[in-house]
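Since the structure comes first, as structure tokens, the remarks are kept for the end.
Just the heavy atoms: all of them, side chains too, but no hydrogens, waters or symmetry mates, feed the values below. Note that the structure is predicted; figures quoted are calculated from it, not measured.
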Amino acid sequence: MGQLLLTAGLLLPLALDTFALAAALGVAGLEPKDRLRVTLVFTVCEAGMPIAGILLGRVAGDLIGAWAGYAGILFLFIAGFLLLRPSQDEAGEQKRLRLLAHARGLAILDLGLSISVDELTVGLSAGLLGLPIALTVIWIAVQAFLAAQVGLRFGGRLGEEIRERSEQAAGVALIAVAVVLLALKLLRL
């Protein structure tokens, strides 16, 4: 039950972040015919990056032993704070979103990987915390697909403010998960 709650705690921030990015694509003018293609790229990239992160986390966890859980919590804090930071290059981000909306072939893969760095960090935390790879990746893929579809469909109707608030909510949620995990670890529950 604890692993299920932990996995759910990691999925909510990822879903909010995916929703925010997909909504931004909707605002940037993604054509309805391209929604499935972009959603599949999101899903593949956002499910693939945690695999790399989990494997790295497992190796690192074996090396640092008892401190692995604390390292996983630290990476959650870092990921949360990174999501809370305001974008330094708003024009560059908008350009990247327009490129993603119309990219094909290897360009879309490159852009897809660049948007899934958060999932790498969460995967690293999941690996350090010892979550099962298959279950974690399946749930990340499901949330990525659903959050991308909802974000793309509503993105044209929602404003930039909603997208930014979703990213901030994702950051706060990751930090909250890290605080809860740290408290449980310190209390040895």
Side-chain angles (χ1 to χ4, degrees), residues 3-4 6-25 35-64 68-69 71-85 87 92-93 96-97 99-101 103-152 163 166-171 173-175 177-178 181:
Q3 284 188 338
L4 181 62
L6 179 56
T7 303
L10 294 175
L11 289 177
L12 175 64
L14 291 179
L16 289 170
D17 190 44
T18 301
F19 172 82
L21 186 57
L25 280 170
R35 286 182 186 152
L36 182 61
R37 176 182 56 84
V38 170
T39 299
L40 292 175
V41 169
F42 273 33
T43 303
V44 168
C45 291
E46 292 189 13
M49 286 296 254
I51 294 171
I54 288 170
L55 294 174
L56 286 170
R58 292 273 171 89
V59 170
D62 289 343
L63 293 174
I64 60 177
I73 293 167
L74 176 64
F75 277 103
L76 287 177
F77 271 116
I78 291 169
F81 282 116
L82 289 175
L83 285 172
L84 287 175
R85 283 182 324 143
S87 177
E93 187 174 323
R96 192 180 83 208
L97 289 171
L99 283 172
L100 180 59
R104 300 278 190 263
L106 291 178
I108 199 164
L109 183 61
D110 179 51
L111 289 167
L113 291 174
S114 74
I115 62 166
S116 57
V117 174
D118 298 339
E119 283 74 11
L120 178 66
T121 306
V122 169
L124 182 59
S125 294
L128 288 166
L129 295 167
L131 292 177
I133 294 174
L135 183 62
T136 302
V137 170
I138 289 169
W139 280 113
I140 288 173
V142 168
Q143 73 74 29
F145 186 87
L146 294 175
Q149 280 291 304
V150 171
L152 287 170
R163 184 183 75 80
S166 293
E167 287 178 354
Q168 292 171 347
L174 277 177
I175 292 169
V177 169
L181 288 174

Minimum heavy-atom distance [X]-[Y], with the two atoms named:
X	Y	value
A71	I64	CB-CD1, 3.7 Å
A15	A147	O-CB, 3.4 Å
C45	P50	O-CD, 4.4 Å
F42	A148	CD2-CB, 3.7 Å

Task: Between CZ on residue F81 and CD1 on residue I175, distance to nearest 0.5 Å - done: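 One gets 4.0 Å once the value is rounded to the nearest 0.5 Å.
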
Task: Separation between CD of Q149 and CG of L152, rounded to the nearest 0.5 Å - done: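 Going from the CD atom of Q149 to the CG atom of L152 covers 6.5 Å.
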
Task: Within-4.5 Å side-chain heavy-atom neighbours: F145 and L36 - done: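 With C-beta onward as the side chain, the pair touches.
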
Task: Side-chain donor or acceptor of Q143 paired with backbone N/O of I140 under 3.5 Å - done: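 The answer is yes, because a donor-acceptor pair under 3.5 Å joins these two groups.
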
